[in-house]
Amino acid sequence: MEPRPRDLGTRSEILVPYEADPSGAGPGGPVVRVRDLRMRYGDADPVLDGVSLDVAEGQVVSLIGPSGSGKSTVLRAISGLHPPDGGTVDLFVEPREMGFLFQDDALLPWRTARQNVALGLRLRGSARTEAEREADRWLARLGLAGLGPRYPRQLSGGQRKRVALAQVLALRPKLLLMDEPFASLDAIVRHHVTQDLLNWVESERIAVLLVTHDLEEAQALSDVVCLLSRGPRARISNRYAVEIPRPRNLIDARGHPAFAPLLQRIWHDLSDEVDQLGGAI
Amino acid sequence: MRAFKKAWVRQSLALLLLVALWEACSRAGLIDPFYAPPPSVVAATLYELFAGGSIWEHIAATFSAALLGLVGGLLLGALLGFGAAMAPLLADVLEPVMILLNAIPRVILAPLFIIWFGIDLGSKVALSLVLVAVLVFFSVYGGIREVDVRLVERVRTLGGGRGALLREVYVPSVTAWVMGSLKVAVGFAFTGAVVGEFVASSRGLGYLLSFAQSTYNAAQTLALIFIIMGFVLVLFALAGRLERRLLRWRYA
């Protein structure tokens, strides 16, 4: 599919540049384009109605919003787990170049860490030995060297999350969908896993769409933060550019002069979104 | 005293104490040996049964029926359970039948099976098989329907199709369920075989039991009960080892 100039839509406040930055540092061509997405489960009111967003190569976009607004549903539509009810999802990469990191770390309990990581590679046609060797390399890269033969229940929560991450990254995705991937981890483990991931995403210029309820995390990681309105019929009510240079360090990013004012602004808008409808987060 | 802290030591001691008490009561004339012969008499009867050698033929008959019923029931139950979970049409047909078979005490089918399959091995295998198959059907059918959706989605997003889902998610998940009911299935298989023999047969432990009962031979009845208990315990141990082997991810 040929990337075409993007219709920015009237709702977006901040334009996200599409043209590849000559320095190679900024976002590149489009990776996924969602237009007027509508999703419904059963006969209920649509969860989403008119969601449009873009993620470009080398760009991290995060999706925040009140709980129950349908953030995860956007990811399910893009990944193909749940077909859209209306609107379009255009992928500019192969479906096999897409990785999905879920909120929980549900690995196959009857497969070892190594087999779990190798699974995706084997499903893409790698031979068992080659896939398992590659799996070991990824486990080592994520600080799990030697833990390949262990079963998931023999690993800690943080280790399981790293295995799940290795499982997805081993596929060399060009688009990474993440649904509150680190919510269950304690602060220190979370910081390390997130930083490792960020380094890899930046060096490989992976396009990322991150769903989170943690505003600070969203800002520290992303180039663009999208605010989803309260559902049903949620849509993207605002977009914010995060102008902190890359490569980033999670701690330094939080100390960047642009960080606090933007955080305050997003918090304000998010609170309005919730109050307006008389609900709670 | 350290040994006393181990459960099996305490359990064995309790059992020994009970046997000793029984023997003592019997010798003191507190219980009528006609109804409850003392353990020493039961042991002597057991010895005679094995010394004569004819017991082996009966053990072989009961074992063949129970094992054939167990294996057949596991296969049939798993196949039907898989089929029903995959094909809704088959589920519509099978579910009511299975629910009915599950609701009744299935041993009441014994007389019917004897009319259909005769008094030889066939009717015992059939009874044992039905007992096991219904149990396994529900554990496989339920197991597949309660497969963790997250795992299914995980494998799908990694690029897995139907074959991969079956191999990576459904089969291992159902194996866990079936293993959980394997010990019950072993018990059921023996129930089927012995009850079948009890109703009508010319061989087997159930036949001997029914013979001992008709001659009011309590010592022999108890001896046979102990033989059956012994074999079932051995099979339980084997089933436990198989479970630990197949589900090593759970015990590792």
Side-chain angles (χ1 to χ4, degrees), chain A residues 72 75-82 94-126 128 131 135 147 149-155 160 163-173 175-179, chain B residues 74 77-79 81-82 85-86 88 136 139-183 185 239-252:
Chain A
S72 307
L75 297 188
R76 297 179 67 82
I78 296 174
S79 68
L81 283 175
H82 195 108
E94 296 290 320
R96 55 186 290 157
E97 293 173 317
M98 178 165 51
F100 198 141
L101 194 61
F102 290 83
Q103 181 168 6
D104 50 74
D105 45 36
L107 300 165
L108 295 174
W110 36 81
R111 299 280 185 257
T112 60
R114 177 189 291 132
Q115 289 169 331
N116 265 290
V117 176
L119 178 62
L121 296 165
R122 295 191 57 206
L123 291 174
R124 279 160 171 71
S126 296
R128 180 196 294 267
L147 297 187
R150 293 219 190 158
Y151 287 99
R153 63 173 289 278
Q154 298 171 294
L155 300 170
R160 279 201 292 271
V163 174
L165 190 57
Q167 193 178 41
V168 171
L169 294 184
L171 303 174
R172 302 282 181 150
L175 170 63
L176 191 53
L177 306 173
M178 299 197 287
D179 190 355
Chain B
L74 280 170
L79 211 67
F82 246 110
M86 295 297 168
V136 174
S139 79
V140 170
Y141 185 47
I144 291 188
R145 290 199 307 175
E146 279 171 42
V147 154
D148 192 340
V149 183
R150 299 173 309 168
L151 297 182
V152 172
E153 291 189 341
R154 207 66 32 113
V155 173
R156 276 181 64 195
T157 58
L158 289 173
R162 267 180 93 90
L165 282 176
L166 202 66
R167 190 181 63 241
E168 302 294 333
V169 183
Y170 287 104
V171 169
S173 160
V174 165
T175 306
W177 279 80
V178 171
M179 282 298 127
S181 54
L182 189 63
K183 284 184 183 173
R241 285 182 70 154
L242 184 68
E243 185 184 346
R244 280 178 177 272
R245 198 184 153 80
L246 284 178
L247 304 185
R248 60 183 178 280
W249 52 271
R250 189 177 275 176
Y251 297 104

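Every chain is numbered from 1 and lettered A, B, ... according to where its sequence line falls, protein lines coming before strand lines. The figures that follow rest on heavy atoms only: side chains count, while hydrogens, waters and symmetry mates do not.
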Q) Taking all atoms of both residues into account, what is the closest heavy-atom pair of A:Leu107 and B:Leu151, and its distance? A) O-CD2, 3.5 Å
(Q) Please find the pair of heavy atoms, one from B:Thr157 and one from A:Phe102, that lie closest to each other, and give the distance. (A) OG1-CE1, 3.6 Å
Q) So what's closer than 4.5 Å to chain B heavy atoms on A:Arg124: side chain, backbone, both or neither? A) side chain
(Q) Please classify the contact between B:Thr175 and chain A as side chain, backbone, both or neither, with a heavy-atom cut-off of under 4.5 Å. (A) neither
Q. Any idea which of B:Glu153, B:Arg248, B:Arg156, B:Arg250 has the most non-hydrogen atom pairs under 4.5 angstrom with chain A?
A. B:Glu153
(Q) For chain A, which candidate among B:Ser173, B:Ala164, B:Gly163, B:Gly161 shows the most heavy-atom pairs at distances under 4.5 Å? (A) B:Ser173
Q: For each of A:Leu108, A:Leu119, A:Asp104, tally heavy-atom pairs with chain B at distances under 4.5 Å, and name the one with the top tally.
A: A:Asp104
Q: Can you see which heavy atom on B:Tyr251 is nearest to which on A:Arg153, and at what distance?
A: C-NH1, 4.0 Å
Q) A:Pro152 versus B:Trp249: any side-chain heavy-atom pair under 4.5 Å? A) no
Q: Could you tell me which portion of A:Arg76 (side chain, backbone, both or neither) has an atom closer than 4.5 angstrom to a non-hydrogen atom of chain B?
A: side chain
Q: Name the member of A:Ala106, A:Gly120, A:Gly99 that forms the most heavy-atom pairs with chain B at distances under 4.5 Å.
A: A:Ala106
Q. Which distance, rounded to the nearest 0.5 Å, do you find between the CZ of A:Phe100 and the CG of B:Leu158?
A. 11.5 Å
Q. Which answer fits A:Gln167, side chain, backbone, both or neither, if we ask what part of it has an atom under 4.5 Å from a heavy atom of chain B?
A. both
Q | Where A:Arg111 and B:Pro172 come nearest, the two heavy atoms and their spacing | A | NH2-CG, 4.3 Å
